[in-house]
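Per chain, numbering begins at 1; letters A, B, ... match sequence-line order.
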Amino acid sequence: MGSNMAENHPVGFQWVMEARERGAEVIHVDPRFTRTSAMATSHVRIRPGTDIAFLGGVIRHILESEQDFREYVVAYTNAATIISEQFQDSEDLDGLFSGWDPASGTYDTSSWEYAGATVTSSAGQRDRGANVGEAAGHGGHGSGLHADNPPRTDPTLRDPNCVYQILRRHYRRYTPEMVARITGCRPEDLTAVAEALCRNSGRERTSAVVYSVGWTQHTVGVQNVRSAAIIQLLLGNMGRPGGGILALRGHASIQGSTDIPTLYNILPGYIPMPHARAHRDLHHFIEQSAAETGAWGDMDAYLISLLKAWWGPAATVDNDFAFDYLPRITGDHSAYAAAMAMLDGTMKGYFLLGENPAVGSSDSRLHRMALAKLDWLVVRDMVEIESASFWRDGPEIETGELRSEDIGTEVFFLPAAGHVEKAGSFTNTQRLIQWRHKAVEPRGDCRSDLWFMYHLGQALRDKLAASTDPRDRPLLDLTWDYPTDGPHDDPSPEAVLREISGWGPDGRTLSAYSELKADGSTTCGCWIYSGVYADETNQAARRRPRWEQSEVAAEWGWAWPGNRRILYNRASADPEGRPWSERKRYVWWDVDAQRWTGADEPDFPVDRTPDYQPPSGARAMDAIGGAHPFIVQPDGRGWLFVPSGLLDAPLPTHYEPHESPVPNALYGVDASPARQQMARNLNRYQPSGDAAGSAAYPYVMTTYRLTEHHTAGGMSRTVPHLAELQPEMFCEVGPGLAKERGLRHGDWATIITARSAIEARVMVTDRIRPLEVGGRTVHQVGLPYHWGSRGLVTGDSANDLFPIVLDPNVHIQEGKAAACDIRPGRRPRGRALREFVQGYPREPLPAEGSR
Amino acid sequence: MRSRLPMLANALPTGAGDGAPPARVGFFTDTTLCIGCKACEVACKEWNDVPADGYVWSGKSYDNTGELSANSWRHVAFIEQDRPLRVTTSASTPSMLGSAPAMVGIALPMMRDLPVRAARSEPAPFEIGTGPDGDGVAMRWLMSSDVCKHCTDAACLDVCPTGALVRTELGTVVVQNDVCNGCGYCVSACPFGVIGRREIEGDPGHGLAQKCTLCYDRSKDGLEPACAKACPTASIQFGELDELRVRAADRLGVVQAAGYDGAQLYGASPDDGVGGFGAFFLLLDRPEVYGLPPDPVATTRHLPSIWGAAAAAAGVLGGLVALAALGRRS
Amino acid sequence: MTRSGDQVRPAEREPTPAAPLEPDSARSSTSASSYHSQPILKAPVWKRTIAIYFFVGGLAGASAAYAFAALLRGEREAARRATWTALISAAISAPLLIADLGRPSRFLNMLRVFKVLSPMSVGTWILSGFGASIGVAALCDLFGVLPRVRLLAQAGAAALGLPLATYTAALLADTAVPVWHEGRRELPFVFAGGAAASAGGAALILGSDHDGLARRVALGGAAIELIADQLYERRLDPVVAEALSVPAVHRLHLGARLSSTAGTALLLLTGRERRAQIVAGGSLLLAGALLTRLAVFEAGRVSALDPQATVAPQRARVDARSREIAGV
Amino acid sequence: MPDSPRRFRPLRVIDAAAAALTSWPILQQLRHDHLGRGEAVRSRSFDAIEPRTSTADKVTQSICPYCAVGCGQLVYSRDGEVTQIEGDPASPISRGRLCPKGAASRQLLTNERREYQVKYRRPGGTEWEELPLDRAVDMIADRMIKSRAETWEATVDGDGEPLPVNRTLGIGSLGGATLDNEENYLIKKLFTAVGMISVENQARI
């Protein structure tokens, strides 16, 4: 679901095809009939943005038919845990959970906590957007649990306030009929899918869920994924071979860039970025951010080792290990916030390192206008992308909104080295770190970003060497002494990876994060990667051929953490440590050897007996019981219900997209109340649901990729052999819509939203069909988003149409579902385009952002 | 018309003379496994330096390549049909284990014992593609990677007046770029419309007949052709032709048992009009739906009658002149 | 589908692509008989120069035969003129052929091999041999030397001239182009007749026909051409024959038949002394022969690009075979 | 064959003729392969054909730069030029297979649109200008120091009391997700030390 694997991950899809050929059921739930659907054993069509309704229906089916893997659920999840009496469900409050504050438009999540747990609300509520995000999902925020105060549970699952019962009540209304009414699928299809999942789960079988940005790019992105987590936990599919939830990510090292983040709100290894209010000093920070129990209990060791890696000798016990060298965040400083800051003139300079927001970001026009407000811009890429040339041939030059002469932005374009022209590591979608060796030297001025950052750093340090200004200390004290070689003085990537992996007092590389200390004696750039350079060897460069090892291929590359290929794999054995089934044995307790063993590295303390009970006062990993596989959670259990860490809901519930042609059939609340909005002139919102004026945008639109191109096209529109395969922007519509709007196959159509209007060739196809939603027919418009104004093949970019409205937890835009209008013919040119969009529809739209 | 003179039989050459001839190699393209990714098209162009030849959107489903030509040696066809892929109530396809080694032997150890399930008893939730399409109409999207057939009786090879087209020791049909003079005879002789003359000024292959070489340089070196190596789902299978034919027969059985509608082998039989393809297919509909001729015949099979008629006509011409000459002086 | 080498930018291209577009969805669930209405075969890459060569080659071959006959009958003047007609025609043929090659500089590669399987290869050797012999004959005639050698050369040229006039039909027939391949039995006679008609016609125009030989050859040739052409069209599978009825081709074909018929009539009706009519008649026969070649040639392009011309007859064969198997 | 088509070159013809005579396939045909479809008609250069994979002077193991499946690639190069990129059969992830994008990755490196020189656009400028690489890096450093000074925040107001933040919100970065882990690490390390907060990545977009 939310993934078009055959088209966007074809080589990974070989394993799905193989499973199909071995008799596996492959079910594709997607708004469109794609190349994936064509390969699946069944395809269910749902309306974009209604995944939670569908998954909620599956959850209800599992619970009502009691087909959950009860033994697994009781032992390994928080189903039995009692939730605070103050908690009120969205079912009781018509779409709102307890703790809603209309003034700030945020939740106080204290009422979502476990009963009896000392409530320490995460910084999330203290200051919206701060200190949450990826870290939250990893239980980084203590839910006040500690070994002496285990959560109250009712193993019989009868307590009305236990998670299991709350779950049942919450999803009671997600009947097949209701799901059909919301999503547009047939009731029997929901039941069929749910039955297929139950049939293929349990002791002897496992089912896997695959998703991609079709789930994440929504105002309820995190909750989409949470829904799958609930299903997989209820069916006992987590931590077991053939099970799990696979996030198919779209870029070579997009996983790596969150692990070793270039993200404003986290430090390497998902350690939160310190917040001005919550984190005065190291002590406060640890107190606020670290959990007392579980893997996050040692956050102090991880952080201090990181500070040592960055500031070495300058990081001492006396100065909190230079904790104050870290700048503080005070809110949302994400890429979209940055674009707004450019428009406001507060963002002066910007680096684009292989990114093309002028085509790839929602409301692309806003980003192009924003870049034109900068003092200076550095673009590093292999070709001259739209974000580098907006000032001379951007669409706004043509519409007259911008004049080259008036744009004050100073632009530096630096050619980048290609993937074979530099050595380094990518982290793939399965957390597998694979090393690339350098094949050839880059030509001309082409350089790696490693080269650029290193030499830019040197230049800055040289210029400020004499400075006494305290604000320059972090830069001058920075450890920046990487060995260089080659004709261009390239810094050694191995040296950097070694620093990431870390070393001990003796200067020898560490073999695991468990060796990290909070006393400043260890150094580690990213705790979860600790061990990737174990034994002073680049473990990521291991290339033992697959035919020389088991199918787990533990000696090909290195997977974080600790080269574990399946996370929480202790769950592949029952509470006593015996495999749930012989067919599905993976990691188990070897009674004779008194240790965990199996096909994979155990994701568990290897010598912890299954019957281990944490002694009083135990903390961190010692506080994880022998039968609790989910070691990063403070209670070691899989969370069906999330007591803390999320800003928008403890349980996934259906909300309509921010812009939808239909109202929410479940609640008076249409869209997710906690969603993050950024209404402004360049980001006009449309009326939604049955609000006045919403009729002007009657169709659902969604964006997607094609196999033949790559994201915003920077790596495919200039490649002849790819460009010729999909040479032009087109939109996919069903015959019904074509008839309704007079669209002719092969002709042009103009797609309109409050942001912009784009033109595309019309592809009339049965692969896109209308959906019966609440008694009315909702047509869909499908839009690939690969094209821009440059390259061998050009075209309007679909992202011009989409609003900037974000998931509050992770600030990811809703790019997969919005409302639009479509009409035959090409769009107006020049100034006429803006006038056309502004005056659309004839009756003026309500004031910006009002809902 | 099956009869042909023995002298026209396209007997495969005996290797390089010394030792046993290498086995004939070819492709088995199993379209039930094709996901339409076009990796074959790109891998082919990259390896053989085949130029891109234009950026025109066709509107023909996802096919913007259109046809096999001098500049496209692999071509993935896309056909959207309003009918289910399978006419069966089985929820899952029986295994193809044993029929395609390329897809086998990589399961996790604990799954090794997993008995390969034949079509399961439980009724399917619903047919592939029928999904809940409001209107409940079923659909399927056929994809197939077409390529030069490397015919046993190759008309292009027969009619080539320069000997540029040759049958290699591997049984494949290849153009010698240094010999071809671009006469274009092969273009009209091919019953599949595969081979073409490249017309791109400045390109090394300009003016020359161009088509799939089954990566002769690779295959003579024991390497897989670029397309087969790239194919993510083993839809394109390369190997010794005899072995491929056996594999294809097995696979057809599996696919038919699974109820795939219209499953048929195309070009696998040595008895057809071109003596069997060196690159044959498992299709899910009639060949013409994929743009393939249903019953191709190598034109040179009719060469006896062609030469016969030409000779007779020449005789008639001579006779006419002779008669006229014998006529009395008027 | 049409592909253009130049990089067309969407904005510059106007609404619909060259090929008529029809969404797949518009197609019914019953299998279509073509792939997006696209051709199966490639259109011949040959230009009209080839059709002209067919005509010139035929003229050369038949003229050589005529020349030999005239020589035997002692018609020295007629023989000389026919010999030179043949020589000049043969001389024109070479460039016409070379001009059509993708790599003209490699035309000699034609002589690398001799392939009985390739009418073009065989034809190349025939043309070479013919050119050599007719050249020798002409030279001997020019300097009035070596009468025996000349006789031999004239005989050789005549012998090679006959196949030279008909192999071109075999060349067309030995292709996958339905309208050519299906005409493999008749086309050689069409071409033979046309060759005779043109040779006779040429002789008549040159006014070297003192004994009616040229007239007989011309009329006989025209007759054969017209009859064979009728048979050709009649025997074609109706779907395949459609290629002859598209306007462009039909015009040529009709023109060919009219001029051949008119030429024949004119020659039959007028006496020998009426020089003007004779020249006119001869010219009409030449025109007829040329137009016939052009019509057949153009029909080939149309036929190759029509998927049904390829599919229909083959599908019929397959269905018939499966009926046999089914024992129906 | 470098000879330009269409143009008629007498010299070439003579060469061709000479070559043809020395190894005249028609003579071979008399002995074997009478129909001239194989052995007899093969040219010398055709017999000498070799795959680029065997003429490469270096084969490097790499990883595909497109999606996150992480397919193994073998990079063949000769004299410092990439001559071929194809799948690495040893990879347990991809088993030597590649998608169209992976298969095109040689062209990703060699396509005509690729830029090899620094380009500079001055404020209000209408054209690119040339700029030496080291000069560009130096200028960028100056811009950073200037903007940082202009927008530096030592503290922000926290309900009356000043909260130390030691940062600049005036400089930001947005990275693609094809950056190496090592590159991301240096970006985060350097920019954080500079006091930049808005250090972002495609991973969020």
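Proximity to chain C (any heavy atom under 4.5 Å) is shown, for Val187(B), by both the backbone and the side chain. Of the two parts of Pro44(C), the backbone and the side chain both hold a non-hydrogen atom closer than 4.5 Å to a non-hydrogen atom of chain B. With a threshold of 4.5 angstrom between heavy atoms, Ala169(C) does not approach chain B through any atom at all. Contacts of Cys156(B) with chain C are absent, with no heavy-atom separation under 4.5 Å from either backbone or side chain. Both the backbone and the side chain of Ala312(B) come within contact range of chain C, each with at least one heavy atom under 4.5 Å from a heavy atom of that chain. Using a 4.5 Å cut-off between heavy atoms, Phe192(B) contacts chain C through its backbone alone, with no side-chain atom that close. For a residue to count as touching a neighbouring chain, one of its non-hydrogen atoms must lie under 4.5 Å from one of that chain's; by this rule Cys183(B) touches chain C with backbone and side chain alike.
Rounding to the nearest 0.5 angstrom, the gap separating the CZ atom in Phe107(C) from the CG atom in Asn181(B) is 10.0 Å. Between the CG atom in Leu213(C) and the CG atom in Leu323(B) there is a gap of 11.0 Å [rounded to 0.5 Å]. To the nearest 0.5 Å, the span separating CH2 on Trp46(C) from OG on Ser188(B) amounts to 4.5 Å. Within the model, atoms CZ of Arg106(C) and OG1 of Thr162(B) stand 9.0 Å from one another, a figure rounded to the nearest 0.5 Å. The distance from atom CD of Glu288(B) to atom CZ of Arg315(C), rounded to the nearest 0.5 Å, is 4.0 Å. A distance of 8.5 Å separates CG in Leu157(B) from CG in Leu117(C), rounded to the nearest 0.5 Å.
Of all the listed residues (Pro293(B), Ala313(B), Ala189(B), Ala311(B)), the one sharing the greatest number of non-hydrogen pairs under 4.5 Å with chain C is Ala313(B). Highest contact tally toward chain B, considering only Ala165(C), Ala173(C), Ala69(C), is held by Ala173(C) [criterion: heavy-atom pairs under 4.5 Å]. Contact count versus chain C (heavy atoms, under 4.5 Å) is highest, among Gly184(B), Pro294(B), Gly182(B), for Pro294(B). For the options Leu111(C), Asp174(C), Leu72(C), Leu97(C), heavy-atom pairs under 4.5 Å to chain B are most numerous at Asp174(C). The most heavy-atom pairs under 4.5 Å with chain C, out of Val316(B), Ile306(B), Leu68(B), Thr299(B), come from Thr299(B). Heavy-atom pairs under 4.5 Å with chain C were tallied for Ala164(B), Gly315(B), Pro296(B); the largest tally goes to Pro296(B). With chain B as the partner, the residue from Val122(C), Leu172(C), Thr168(C) showing the most heavy-atom pairs under 4.5 Å is Val122(C). Per-residue heavy-atom pair counts under 4.5 Å with chain C were compared for Cys180(B), Ala209(B), Cys190(B), and the maximum is reached by Cys180(B). With chain B as the partner, the residue from Pro119(C), Ala70(C), Gly161(C), Gly61(C) showing the most heavy-atom pairs under 4.5 Å is Pro119(C). The residue among Ala304(C), Ala192(C), Ala43(C) with the most heavy atom pairs within less than 4.5 Å of chain B is Ala192(C). Note: Leu171(C) leads Leu164(C), Thr310(C), Leu171(C), Val217(C) in heavy-atom pairs under 4.5 Å with chain B.
One N or O on the side chain of Lys115(C) and one on the backbone of Cys160(B) form a donor-acceptor pair closer than 3.5 Å. Judged by distance alone, with hydrogens and angles left aside, the side-chain atoms of His36(C) form no donor-acceptor pair with the main-chain N or O of Gly291(B) at under 3.5 Å. Listed for the Tyr35(C) side chain is a donor-acceptor partner under 3.5 Å among the backbone atoms of Phe78(B). At least one donor-acceptor pair under 3.5 Å links the side chain of Arg103(C) to the backbone N or O of His206(B).
Centroid-to-centroid, the aromatic rings of Tyr167(C) and Trp307(B) stay 6.0 Å apart or farther.
Counting heavy atoms from C-beta on, the side chains of Ser305(B) and Arg184(C) come closer than 4.5 Å. No side-chain heavy atom of Pro287(B) sits under 4.5 Å from any side-chain heavy atom of Gln314(C). For the pair Ser69(B)/Lys42(C), a side-chain contact is recorded, criterion being any heavy-atom separation below 4.5 Å from C-beta on. Between Leu292(B) and Ile40(C) there is no side-chain heavy-atom pair separated by less than 4.5 Å.
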Review point. Could you go step by step and tell me if Met120(C) and Val159(B) meet the side chain to side chain contact (heavy atoms under 4.5 Å, CB included) rule?
Key: CA-CA 7 Å; Met120(C) 192 181 284; Val159(B) 303; over 6 Å; no
**Study point:** His181(C)/Val297(B) under side chain to side chain contact (heavy atoms under 4.5 Å, CB included): CA gap, chis, key distance, verdict
**Key:** CA-CA 11 Å; His181(C) 188 70; Val297(B) 175; 5.8 Å; no
